[in-house]
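Have a look at the structure below, then the notes.
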Amino acid sequence: MYKTTTVDFTIPDHQIAWQAIESYVQLTKPRIILLLLITTTAGMAMGAKGHIDLWLLSIALVSGACAAGAANTINCLYDRDIDFVMERTRHRPLPSGRIQPYQALIFAIALAFISFTLLSVFANLLSASLAMVGILVYVLVYTHWLKRHHSQNIVIGGAAGAIPPLVGWAAVTGDLSWAAWCLFAIVFLWTPPHFWALAMMLRDDYAKVGVPMLPVVAGNETTTRQIFVYTLILIPVTLLLAYPLQATNWLYPVVAIILGSIFVRKAWLLRQSPANLELARSLFKYSIIYIMLLSVGIVIGCLPITCGVLNRIS
């Protein structure tokens, strides 16, 4: 006589908790947040002339992550219908049902509250207000107004992603100078080439859900031309930080010219072969490296030890 056995497939409580935490983290789009925090750090370093208070830096980074996480969560909440249709996004927490809409909304509100409170208490009201403006621009201007209705959605809506450097600058200075707005302009101009290269790769997905990204409504020829134009404009704007604003030493423009030359070359190659999605992928990946290294160049160039070494050399 055979003895039957039963197998317990119950998921342990700690594993359920970890899966829930992982789902909430996915809502915030952490890879996007990382780029925003790097540009925030660049703004702080330049505003503080390299003398960054580590406690204030920690506050700014945590607050920035919370603000960006709130905006991204609301974006996921708003777009859960089209995310369910698109292959790339259908497994996100909301379309897959791992998190309910009301839970996502409460989570987003909590993150925004934490961000505003930390910045207003430990930095200043200007930086806290700018963080909230970033959320509003991303949610109302980009997600609600432009994303599903206009091919220039990422251009105008990209202003939200350019606000973190302003938050970083304001957190240490309490004001906004021309150099801070130049940082804003750099990220603002970088966003279209960065995102349109990605949109070229996801063109069919966007077309399927009726999102009028530029490659969908105007084609790759027009998109690559726009990418090249924005890249050409971006490079001289990055150099304004060195002259006439004189917000950096001579190390930064060297870094900016080298990185910018590579960016322009990749944009030009894509312009010559608009149908080549491998070139679009290469440009997209490099655009991430570009903004990261440009920000690192700003931070290193602002450090007192770097300025001392360069002064001795010159």
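We're numbering straight along the sequence, starting at 1.
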Could you go step by step and tell me if D175 and W169 meet the side chain to side chain contact (heavy atoms under 4.5 Å, CB included) rule? CA-CA 8 Å; D175 59 23; W169 182 286; 3.5 Å; yes
Mind checking whether Y206 and F195 have parallel, tilted or perpendicular rings, split at 30° and 60°? tilted
Heavy-atom closest contact ([X] atom, [Y] atom, distance):
X: S127; Y: L119; result: O-CD1, 3.6 Å
X: N124; Y: A171; result: ND2-O, 3.5 Å
X: N153; Y: L146; result: CB-O, 3.4 Å
X: C302; Y: A247; result: SG-O, 4.4 Å
X: G69; Y: L111; result: C-CD1, 3.7 Å
X: M86; Y: V209; result: CG-CG1, 3.6 Å

If two hydrophobic side chains count as joined below 4.5 Å and joins carry through other members, does [X] share a cluster with [Y]?
X: L34; Y: L198; value: yes
X: L27; Y: Y78; value: no
X: Y138; Y: L37; value: no
X: V229; Y: V264; value: yes

Short question: side chain of [X], backbone of [Y] - any donor-acceptor pair under 3.5 Å?
X: T39; Y: L36; answer: yes
X: Y252; Y: T238; answer: yes
X: N220; Y: A275; answer: no
X: T143; Y: L140; answer: no
X: R271; Y: I227; answer: no
X: R203; Y: M200; answer: no
X: S282; Y: E278; answer: no

Could you check L176 against L130 for side chain to side chain contact (heavy atoms under 4.5 Å, CB included), going step by step and ending with a plain yes or no? CA-CA 11 Å; L176 294 175; L130 285 168; 4.2 Å; yes
4.5 Å side-chain heavy-atom contact, [X] and [Y]:
X: L166; Y: W181; value: yes
X: I52; Y: V172; value: no
X: F228; Y: L270; value: no
X: Q152; Y: L214; value: yes
X: V187; Y: P165; value: yes
X: M213; Y: L202; value: no
X: R80; Y: P101; value: yes
X: R148; Y: I82; value: yes

Distance, nearest 0.5 Å, that separates CD1 of I59 from CG of L54: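 So the gap between those two atoms works out to 12.0 Å.
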When rounded to the nearest 0.5 Å, the distance separating CE of M201 from CH2 of W196 is 15.0 Å
If you draw a 6.0 Å radius around [atom1] in [X], do more than 12 non-hydrogen atoms from other residues or ligands fall strictly inside?
X: K285; atom1: NZ; result: no
X: Y24; atom1: OH; result: yes
X: K49; atom1: NZ; result: no
X: R88; atom1: CZ; result: yes

V133 vs I163, test: side chain to side chain contact (heavy atoms under 4.5 Å, CB included). Steps then yes/no. CA-CA 8 Å; V133 169; I163 288 178; 3.9 Å; yes
Would you please test N276 and L269 for side chain to side chain contact (heavy atoms under 4.5 Å, CB included) and show each step? CA-CA 9 Å; N276 193 328; L269 290 175; over 6 Å; no
Qualifying residue for ring pair (Phe, Tyr, Trp, His ring centres under 6.0 Å) with H194, from F263, F284, F188: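 Looking at F263, F284, F188, the match for H194 under the ring pair (Phe, Tyr, Trp, His ring centres under 6.0 Å) is F284.
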